[in-house]
Amino acid sequence: MYDEKSIEVGRLTFLLDVLVTSLAFAFSIWLKNFYEPTADADFFAHMALLPLMLLFVIGFLSYFGAYDGPCHITLLEYGWIVFRAVALSIGALLTLLFIMKIDYISRIVIISFAILETISIISIRAAFKRYHTACVTSGKYSSRVLIIGTGERARELSESLRKQSEWGIEVIGHLDPDPSRIGNTVSGAPVIGTVADIEKILKSNVVDEVIIAIPRSMLTDAEPMAQACEEEGIKLRFMADVFNLEVARTKLIKLGTLPILSLEPVAQDELKLMIKRAVDFTLTVISLPIVLPLMAVIATAIKLDSPGPAFFIQHRVGLKKRLFPMLKFRSMYLDAEERLKEIEHLNEAEGPIFKMKDDPRVTRVGRFLRRTSLDELPQLINVLRGEMSLVGPRPMSTRDVDLFDRGIQRKRFSVKPGITCLWQISGRSDLPFSKWLELDLRYIDNWCLWLDFIILLKTIPVVVMSKGAV
């Protein structure tokens with residue numbers, strides 16, 4: 001989002017949502033008491049639930065994109081977002097009340113609130129869309145921009161500004177070091193002077209901001225431009241793509257008095273990562289009453305089947321290439337690692353991984369555990385410890401990682417490894433390593449909480465049917 005006006009409108013929308021949600025909830029209680037005075041709903045007891053309702057409503061509205069700019073979403077799309085957010089909020093509240101055995105909440109209050117909330121939130125969006133249309137038509141909040149540069153980067157910038165700006169952009173012109181280019185046009189905007197003319201141009205024109213779009217070889221000449229903008233009190237920006245890299249997110253932080261520009265190849269929202277961690281922890285804890293007795297039975301079977309410990313611990317490469325001890329149920333004989341060199345030439349997998357359908361190192365119980373994926377159950381402990389997630393690229397051994405032949409393959413270490421991922425629901429061992437890697441990178445580039453939910457759901461039938469298990 002480029003325009004500060006969009007941020008301002010987004011904050012105002014948020015505050016209005018909080019206000020109308022609170023009023024709608026209070027009015028719903030009043031309606032209940034007005035129409036059924038003989039069965040008064042305790043106002044304060046009901047209002048005590050308002051913070052929960054606000055949390056659910058605002059959270060779902062934000063997740064579904066209700067705070068995206070008005071030029072990107074139609075009113076019909078806003079309506080669908082609001083309907084889902086309110087419906088899920090009501091469902092979440094009722095579920096919580098059921099679990100906590102709270103039964104004093106009135107159904108009339110809930111129904112009235114749902115109707116009032118939906119109408120109110122949609123009305124706010126409709127009002128802001130009309131306001132946005134009127135502002136764009138009148139040019140009231142359009143920004144006048146001066147671009148330093150006339151090359152390909154400056155051309156792309158000019159076109160992107162016009163496409164992405166929500167409140168209107170007017171590129172008043174370009175400046176270039178070469179005087180011979182004065183009079184030319186760049187994406188419809190004229191070259192109105194040289195870089196040396198910047199002070200004169202800023203004084204004689206209405207300019208909201210200046211954007212530097214010159215090659216990094218010329219950045220040493222940018223200081224006079226910065227000083228000119230400072231003297232005139234004009235905002236200065238510069239394009240951060242000074243390197244030919246595919247960067248997912250750039251971020252400027254301040255270290256003391258030093259500005260530090262961060263280039264992040266993988267952009268993941270910190271709030272969503274926190275939610276992902278909370279979901280991992282909650283689901284794992286909920287599953288323990290079922291999983292722990294099952295793990296005890298499996299451990300006993302392993303001990304009876306072959307000598308050695310029930311668990312197999314191997315250091316795997318995790319987030320940021322840090323090693324961690326990954327837990328599995330032992331499915332092989334104790335000398336499996338030593339015997340690997342003897343059978344490595346029988347590898348049936350493509351790439352730097354070892355897979356063999358009839359691996360002689362696997363025990364009888366181990367074959368069953370591998371076929372049913374029960375050997376992975378102890379990794380729930382790794383999830384609780386924060387070393388793994390329920391969903392993420394499978395952690396690899398140092399042996400496999402050392403055999404990587406392409407740098408991009410190490411991008412998988414930019415996220416926390418997981419118990420299941422796209423590879424597990426797309427064929428598992430039936431897929432070549434190249435496809436496995438492609439799916440991991442696709443997951444990283446397209447990650448969202450909804451994708452994790454879909455993968456978890458699809459993992460269940462894959463595990464039950466033992467698809468691709470070796």
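What's counted below: heavy atoms across the whole structure, side chains too, no hydrogens, waters or symmetry copies. What you see is a predicted model; the values in this text were computed from it and never measured.
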Indicate yes or no for a side-chain donor-acceptor contact from Asp208 to the backbone of Val145 under 3.5 Å, with no hydrogens or angles considered.
no

Taking the inter-plane angle between the rings of Phe128 and Tyr131 on a 0 to 90° scale, is it parallel (under 30°), tilted (30 to 60°) or perpendicular (over 60°)?
perpendicular

Which residues satisfy the side-chain hydrogen bond (donor to acceptor under 3.5 Å, both in side chains) test with Glu117, sequence neighbours excluded?
Thr21

Starting at CD1 of Ile313, measure out to NZ of Lys328 and round the result to the nearest 0.5 Å.
13.0 Å

Can we say Asp68 and Arg125 salt-bridge, meaning some charged N sits less than 4.0 Å from an Asp/Glu carboxylate O?
no

Strictly distance-based, threshold 3.5 Å: is any side-chain N or O of Arg361 a donor or acceptor partner for the main-chain N or O of Met332?
no

Could you label the plane-to-plane angle of the Phe311 and Phe329 rings as parallel, tilted or perpendicular, counting under 30° as parallel and over 60° as perpendicular?
parallel

How close do Lys276 and Val391 get, counting heavy atoms only, and between which atoms?
NZ-O, 3.0 Å

Please answer whether the main-chain N or O of Gly366 pairs with a side-chain N or O of Asp375 as donor and acceptor at a distance below 3.5 Å.
no

Give a yes or no answer on whether the side chain of Ser142 reaches the backbone of Gly168 with a donor-acceptor pair at less than 3.5 Å.
no

What is the minimum heavy-atom distance between Leu94 and Ile110, and which atoms define it?
CD2-CG1, 4.5 Å

Residues forming a side-chain hydrogen bond (donor to acceptor under 3.5 Å, both in side chains) with Arg442, sequence neighbours excluded
Glu438

Between the side chain of Lys416 and the main-chain N/O of Gly386, is any donor-acceptor distance below 3.5 Å?
yes

Minimal non-hydrogen separation, Met295 against Ile381, with atom names
CE-CD1, 4.5 Å

Go through the structure and list residues passing side-chain contact (heavy atoms from CB on, under 4.5 Å) with Thr300, not counting sequence neighbours.
Leu304

Sidechain-backbone polar pair: Arg155 side chain, Thr150 backbone, donor-acceptor under 3.5 Å:
no

Pairwise distance OG1(Thr420) to CD1(Ile460) - rounded to 0.5 angstrom:
10.0 Å

